[in-house]
Amino acid sequence: MRRHIRAAVTVVATVLFAPLLTASPAPASPARPAGDALKPADCRPALQVLASLPGSGGSQVRGLGPNGLAVGGSHGRPVYWTGTRVHPVPLPAGFTGGEVAAVNAKGLMVGSLNGAGRTAAFSFRVGARKVTLLPQGAHAADVNDRGLIVGDGRTPDALVGLEWDGARIVRRLKPPPGYSLTSVTALNNAGQIAGSGEAVKGDESWSAGLTWPAGGAAAIPLQRFWPAGVPYDYWYPRDIDRAGRIVGTYDYVRVDILTPTQWLPPYTTENQVGHLGERTSGTFEAISPTTDVSVGTARDSYMDGPFPPETAPPIQAQIWPGTGPLLALPRLSPDGPSEAFAVSDDQRVGGTAADATATSHAVIWTCALRQAYRP
């Protein structure tokens, strides 16, 4: 086990706030920027701060759509943004909160509602007067450009994976034999789906990422070294691009280490990308549809260092261009934590970041690879 003490050193990226929390240019990083070759033609690096609903709590971008559309949550409510302006998703009677999890290229949003001890999956479009509740759904996780939606529901005994077309269930996502389902997280335009499962055999248990091929074929485990009685390994696929590249996180719970991971077709091995600089843990949460850019959050293990733990810097949004090392994205304030949850082909990255007062805002890094740096 690695044991070392590291001073909490943070690369500062200060943003000047406009009175109404409108977009502000991100300052030049003191470190060398990356990704010039991949920048869009009209790329302008900025760290946009999006408006929040009234109330207390944080806001976060979970998905990025067309024409400046973004989706997520604000103070526990499902919302979407047009530019930096926030709009609440209308709540049906009996529901008090929720979050929009994803949006497709045509503006169709999906997510989950909660209230009175229950949850419900929904879809919604800008301009609609009410949401559409998805039958038997507890959570909607993703939607592709064909309008197919994936998520889950729950029976008294198990989690059930579901795929909807509009408001109609078209597929029940069964795990491989011997597994129970633990998540359904993403699908691409080809109809391929990603998630995770767990299996138990006697005294042994193990976890695996899962993928369901398009067309109704059975689920395939992504790891090939099971079952070997590995109770400390957990795998969490989070997103899938149009080429079938899957990204997510490997969790080695024995020493509290998360590692950003990518699975490539035909899924015989997984690629653990490593960590940001000297950080000892981190995640992947999303991959762009076609450009192989992945984002997530860098953090540190309480068991693998640094020691003492309070010397670790705050968590920080990170980005990976598909090759080379992980890169950091600028913070909103020198000591403010940040996280990344979504990325688009035009290098917008959506997430959350805290300002100097410790208030968390929904944010978008535009032209993100131009701002990214090696810490």
Side-chain angles (χ1 to χ4, degrees), residues 11 13 15 22-50 60-72 80-84 102-107 142 144-145 186 188-189 238-243 245-247 260 262 273 276 282-298 316-332 338-353 361-375:
V11 178
V15 176
T22 55
S24 300
S29 166
R32 182 177 177 180
D36 285 355
L38 298 178
K39 69 177 182 179
D42 58 350
C43 188
R44 180 175 180 266
L47 179 46
Q48 294 180 329
V49 180
L50 310 186
Q60 56 283 323
V61 172
R62 293 286 182 175
L64 296 164
N67 303 317
L69 179 66
V71 301
Y80 64 95
W81 291 269
T82 52
T84 60
V103 59
N104 70 8
K106 300 178 182 179
D142 204 4
N144 69 12
D145 294 344
N188 61 15
N189 280 356
R238 294 293 302 160
D239 201 8
I240 182 170
D241 74 0
R242 293 180 186 176
R245 291 176 290 227
I246 298 171
V247 298
Q262 184 183 64
V273 174
L276 175 68
T283 69
F284 272 160
E285 301 293 337
I287 185 170
S288 58
T290 66
T291 56
D292 195 19
V293 175
S294 302
V295 299
T297 302
Q316 185 168 10
Q318 62 185 6
I319 188 168
W320 187 56
T323 59
L326 285 157
L327 303 170
L329 289 172
R331 298 181 185 277
L332 194 55
S338 61
E339 299 177 83
F341 301 117
V343 58
S344 63
D345 280 343
D346 61 359
Q347 291 188 27
R348 288 178 297 149
V349 173
T352 184
H361 300 277
V363 296
I364 294 176
W365 291 266
T366 59
C367 193
L369 283 172
R370 292 286 308 279
Q371 304 184 58
Y373 60 91
R374 296 183 66 171

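For this chain, numbers begin at 1 and follow the sequence in order.
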Could you please spell out the steps behind the side-chain contact (heavy atoms from CB on, under 4.5 Å) verdict for Trp320 and Val295?
CA-CA 6 Å; Trp320 187 56; Val295 299; over 6 Å; no

Val247 and Ile240: side-chain contact (heavy atoms from CB on, under 4.5 Å), yes or no, with the steps?
CA-CA 6 Å; Val247 298; Ile240 182 170; over 6 Å; no

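Although no hydrogens or angles enter the test, the distance criterion places no donor-acceptor pair under 3.5 Å between the side chain of Thr352 and the main chain of Glu339. Gln318 places a side-chain N or O within donor-acceptor distance of the main-chain N or O of Thr283, the cut-off being under 3.5 Å. For Ser338 (side chain) and Ala317 (main-chain N/O), a donor-acceptor pair under 3.5 Å exists by modelled atom type.
Of the charged side-chain nitrogens involved, none lies within less than 4.0 Å of a carboxylate oxygen, so that Asp345 and Arg242 do not count as a salt-bridged pair.
Judged by distance alone, the side chains of Asp145 and Asn104 never bring a donor and an acceptor atom under 3.5 Å apart.
The two residues Trp81 and Gly72 come nearest to each other via the heavy atoms CZ3-N, 3.6 Å. Residue Ala102 comes nearest to Val71 through the heavy atom pair C-CG2, 3.9 Å, listed as atom of the first residue, atom of the second, then distance. Residues Gln371 and Thr366 come closest through the heavy atom pair NE2-O, 2.7 Å. Across every non-hydrogen atom of Arg348 and Gly68, the tightest pair is NH1-CA, 4.2 Å. Annotation for Val103 and Leu64: closest pair CG1-C, 3.5 Å, computed over non-hydrogen atoms. The shortest non-hydrogen separation linking Ala362 to Gln60 is CB-N, 3.8 Å.
Atoms CG and CD, from Leu326 and Gln316 in turn, are 11.5 Å apart once rounded to the nearest 0.5 Å. Here the CD1 atom belonging to Ile287 is positioned 14.0 Å from the CZ atom belonging to Arg238, to the nearest 0.5 angstrom. Distance check, rounded to the nearest 0.5 Å: CZ of Arg62 to CZ of Phe341 gives 4.0 Å.
Contact of the Val273 side chain with the Phe284 side chain is registered, since non-hydrogen atoms from C-beta on lie closer than 4.5 Å. Here the side chains of Lys106 and Pro66 are not in contact, with every heavy-atom distance at 4.5 Å or above. With contacts defined as side-chain heavy-atom distances shorter than 4.5 Å, the pair Val363/Val349 does not qualify. Counting heavy atoms from C-beta on, the side chains of His361 and Leu332 come closer than 4.5 Å. Side chains of Pro45 and Arg370 form a contact here, defined as non-hydrogen atoms less than 4.5 Å apart.
Partner of Trp365 under the side-chain contact (heavy atoms from CB on, under 4.5 Å) criterion, chosen from Leu329, Val61, Val343, Ile319: Leu329.
Here Arg245 pairs with Asp241, Asp292 under the salt bridge (Lys or Arg N to Asp or Glu O under 4.0 Å) rule; sequence neighbours left out.
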